[in-house]
Amino acid sequence: MGPGAVYLLRFRRFGIRMSLETEIIEYDPPRSFVNRQVAPRGPLRAWEHQHLFLPLGPNRTRMIDRVSYKMPLGILGVLADEIFVRRELENLFAYQHKRTREALAEPPSNKP
């Protein structure tokens, strides 16, 4: 990972295959990084995601996601955002944060 790195994410949403290509445009380890959708490689008109890691003390870090995006399809996109897209994104980030907490809380495996 670093400035200029490009990632292609493929996923299904509502039974529809989608992909999102993003590029790391800012990289400041261990504090933050920002990725932006490579136009037109994504389901949105625009996507920018800032990942922040704030130290809270020994062995404690707060993860913050700041996302800005623009929906395609004019008023239909605005309606879709209000009806389900925003909620889907909130659920996705809540799930990712939960899984990260769980993964970091588990003791390392002693399996060979």
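Below, each value reflects all heavy atoms present in this structure, side chains not excepted, and no hydrogens, waters or symmetry copies. The model shown is predicted, which means the values in this text are computed figures rather than measured ones.
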To the nearest 0.5 Å, how far apart are [atom1] in [X] and [atom2] in [Y]?
X: Asn91; Y: Gln96; atom1: CG; atom2: CD; value: 11.5 Å
X: Met63; Y: Phe53; atom1: CE; atom2: CZ; value: 6.0 Å
X: Glu90; Y: Asp65; atom1: CD; atom2: CG; value: 12.0 Å

Heavy-atom pair with the smallest gap, counting every atom of [X] and [Y]:
X: Val38; Y: Thr22; value: CG2-C, 4.0 Å
X: Gly4; Y: Glu23; value: CA-OE2, 3.5 Å
X: Met71; Y: Ala80; value: CE-CB, 4.3 Å
X: Tyr27; Y: Pro3; value: CB-CD, 3.7 Å
X: Met18; Y: Pro43; value: SD-CB, 3.8 Å
X: Ser19; Y: Arg10; value: CB-CG, 4.1 Å

Evaluate the side chain to side chain contact (heavy atoms under 4.5 Å, CB included) criterion for residues Arg86 and Tyr69: first the C-alpha distance (whole Å), next the side-chain angles of each, then the deciding distance (0.1 Å), finally the verdict. CA-CA 10 Å; Arg86 186 174 302 132; Tyr69 62 95; 3.8 Å; yes
Could you see if [X] belongs to whatever hydrophobic cluster contains [Y]? Use Ile, Leu, Val, Met, Phe, Trp, Tyr and a side-chain cutoff under 4.5 Å.
X: Leu9; Y: Trp47; result: yes
X: Tyr95; Y: Val67; result: no
X: Leu44; Y: Ile16; result: yes
X: Leu8; Y: Val6; result: no
X: Phe93; Y: Leu52; result: no

Taking the hydrophobic residues Ile, Leu, Val, Met, Phe, Trp and Tyr, and joining any pair whose side-chain heavy atoms are under 4.5 Å apart, which ones share a cluster with Val34? Ile25
Other members of the hydrophobic cluster containing Leu76, with the 4.5 Å side-chain heavy-atom rule, please. Leu73
Is a salt bridge present between Glu48 and Arg36, judged by a nitrogen-to-oxygen distance below 4.0 Å?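 A salt bridge is present here (some side-chain N lies under 4.0 Å from a carboxylate O).
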Salt bridge between Glu102 and Lys98, side-chain N to carboxylate O under 4.0 Å?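 Yes, this pair counts.
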For His51, give me all partners under ring-ring contact (aromatic ring centres under 6.0 Å, His included), at least two apart in sequence or on another chain. Phe33, His49
Checking Arg87 side chain against Ile83 main chain: does a donor-acceptor pair fall under 3.5 Å?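 Yes, because the side chain of Arg87 sits within donor-acceptor range (under 3.5 Å) of the backbone of Ile83.
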